[in-house]
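Here the structure is a predicted model, which means the values were calculated and not measured. Basis for what follows: all heavy atoms, side chains included, without hydrogens, waters or symmetry-related copies.
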Amino acid sequence: MEHLGHKIKRIDQLFKIRMNCNLEQLGITISQMHILLYLIKNHGEKMNQKKLSEQFGVKHSTMSGILARLKEKGFIEICVDEDNKKYKNIYPTAKAMLLDEQMALHRNETESLLQKGFSKEEIQQLGNYLDRLYHNLLSGSEISDKDIHCFNRKISTIERRHNND
């Protein structure tokens with residue numbers, strides 16, 4: 001029998017591959033989609049790279065790369081904060097706002113594919129099981145801030161490799 005952790009990893013990889021294939025027609029990756037959806041959802045709030053890095057649990061350099069690509073593609077504007085010149089605020093452009101529904105559609109289509117053949121009760125149970133797996137890993141041993149930082153760094157490296165493929 002295949003180990004549960006390996007199954008979860010394979011599902012995650014397939015989900016990302018499918019999402020990236022679907023999002024390719026929009027000219028973005030799954031990582032970029034998450035950033036854009038967050039910026040759109042929080043449009044009007046001051047948002048800077050530090051806040052985004054913290055929100056998504058990635059290194060400053062990783063976020064910098066994602067934002068640079070989004071700016072190149074015309075999906076975000078980066079402007080100096082008038083109140084504090086050392087900060088640069090990040091805003092979604094009109095071009096990004098136009099993608100909002102399409103990004104949500106692709107995400108929902110992939111989610112629907114994941115849930116195919118499951119009843120609503122089974123989906124709820126699965127969500128509860130996944131939450132329990134996550135909490136088991138957190139509570140199964142002492143996890144320090146250093147461990148969490150290391151984990152986030154490893155996830156960022158995997159995502160960066162995946163996005164560059």
Side-chain angles (χ1 to χ4, degrees), residues 1-45 47 49 51-59 62-77 90-140 143 148 151-165:
M1 181 174 139
E2 188 177 16
H3 292 281
L4 186 58
H6 187 68
K7 284 182 182 185
I8 293 169
K9 179 181 177 182
R10 287 183 40 217
I11 291 168
D12 177 61
Q13 290 171 331
L14 284 173
F15 182 84
K16 287 177 182 175
I17 289 167
R18 181 170 291 274
M19 281 296 298
N20 281 325
C21 285
N22 291 340
L23 292 169
E24 188 173 21
Q25 64 187 329
L26 302 179
I28 60 171
T29 65
I30 190 170
S31 298
Q32 294 167 353
M33 178 197 76
H34 289 302
I35 302 299
L36 286 175
L37 288 173
Y38 185 79
L39 289 171
I40 291 168
K41 179 182 174 190
N42 295 287
H43 187 62
E45 289 183 35
M47 195 63 59
Q49 186 171 330
K51 283 184 185 178
L52 289 171
S53 294
E54 290 170 358
Q55 175 65 32
F56 288 94
V58 297
K59 291 189 300 185
T62 300
M63 184 58 66
S64 181
I66 294 169
L67 294 175
R69 287 185 291 282
L70 286 171
K71 185 175 181 188
E72 279 175 24
K73 296 174 183 182
F75 292 119
I76 62 169
E77 285 181 7
I90 302 159
Y91 303 100
T93 62
K95 182 179 178 181
M97 299 297 237
L98 291 173
L99 291 184
D100 187 26
E101 286 183 31
Q102 291 173 298
M103 289 185 292
L105 179 66
H106 287 300
R107 184 186 59 214
N108 293 342
E109 284 175 357
T110 307
E111 285 282 330
S112 292
L113 188 58
L114 271 175
Q115 298 172 9
K116 185 177 176 182
F118 288 92
S119 70
K120 287 185 180 186
E121 288 175 356
E122 289 173 323
I123 293 166
Q124 181 65 44
Q125 286 176 332
L126 178 59
N128 292 338
Y129 294 148
L130 292 172
D131 287 343
R132 195 179 322 162
L133 289 171
Y134 180 80
H135 291 292
N136 286 348
L137 287 174
L138 284 178
S139 65
I143 297 181
I148 291 170
F151 168 76
N152 287 334
R153 202 172 48 228
K154 286 180 181 180
I155 293 297
S156 297
T157 302
I158 291 167
E159 287 177 347
R160 197 169 38 253
R161 269 191 245 133
H162 178 71
N163 290 333
N164 291 333
D165 289 344

Locate the shortest heavy-atom distance separating [X] from [Y]; write the atom from each residue and the value.
X     : Y     : value
Ile35 : Ile66 : CG1-CG2, 3.9 Å
Leu36 : Ala96 : CD2-CB, 3.9 Å
Ser53 : Lys59 : OG-O, 3.9 Å
Gly27 : Gln32 : O-OE1, 4.0 Å
Ile30 : Asn20 : N-OD1, 2.7 Å
Gln49 : Ser64 : NE2-CB, 3.2 Å

State the [atom1]-[atom2] distance between [X] and [Y], to the nearest 0.5 angstrom.
X     : Y      : atom1 : atom2 : result
Leu39 : Lys51  : CG    : NZ    : 11.5 Å
Leu70 : Met63  : CG    : CE    : 9.5 Å
Glu72 : Leu67  : CD    : CG    : 11.5 Å
Asn22 : Leu105 : CG    : CG    : 9.0 Å
Lys16 : Ser31  : NZ    : OG    : 7.0 Å
Leu23 : Thr29  : CG    : OG1   : 7.5 Å

| Side-chain ion pair, Lys71 and Glu77, N-O less than 4.0 Å |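 Salt bridge between Lys71 and Glu77, a charged N being under 4.0 Å from a carboxylate O: no.
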
Would you say [X] has more than 12 foreign heavy atoms packed within less than 6.0 Å of its [atom1]?
X      : atom1 : value
Gln25  : CD    : yes
Glu24  : CD    : no
Glu101 : CD    : no
Arg18  : CZ    : no

| Step-by-step side chain to side chain contact (heavy atoms under 4.5 Å, CB included) determination, Arg69 to Ile28 | CA-CA 9 Å; Arg69 287 185 291 282; Ile28 60 171; over 6 Å; no

| request: Using the test side chain to side chain contact (heavy atoms under 4.5 Å, CB included), find all partners of Glu45 that sit at least two apart in sequence or belong to another chain. | output: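 Scan of Glu45 (side chain to side chain contact (heavy atoms under 4.5 Å, CB included), adjacent residues dropped) gives Asn42, Met47.
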
Keeping the roles fixed (side chain from [X], backbone from [Y]), state whether a donor-acceptor pair exists under 3.5 Å.
X      : Y      : value
Thr93  : Gly74  : yes
Glu109 : His106 : no
Asp12  : Ile8   : no

| task | Keeping to residues at least two apart or across chains, list the ring-ring contact (aromatic ring centres under 6.0 Å, His included) pairs with something in residues 11-39. | result |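 For residues 11-39, and leaving out neighbouring residues, the ring-ring contact (aromatic ring centres under 6.0 Å, His included) pairs sorted by first residue read Tyr38-Phe56.
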
| message | Checking Glu2 against Arg10 for the side chain to side chain contact (heavy atoms under 4.5 Å, CB included) test, could you report, in this order, the C-alpha distance in whole Å, the side-chain angles of both residues, the deciding distance, and whether it holds? | response | CA-CA 11 Å; Glu2 188 177 16; Arg10 287 183 40 217; 2.6 Å; yes

| task | With side chain to side chain contact (heavy atoms under 4.5 Å, CB included) as the test, would you mind laying out the steps for Leu126 and Gln115 before giving the verdict? | result | CA-CA 10 Å; Leu126 178 59; Gln115 298 172 9; over 6 Å; no

| Leu26 side chain reached by Met33 side chain, heavy atoms, under 4.5 Å | no

| Side chains of Leu52 and Val58: does their closest heavy-atom pair fall under 4.5 Å? | no

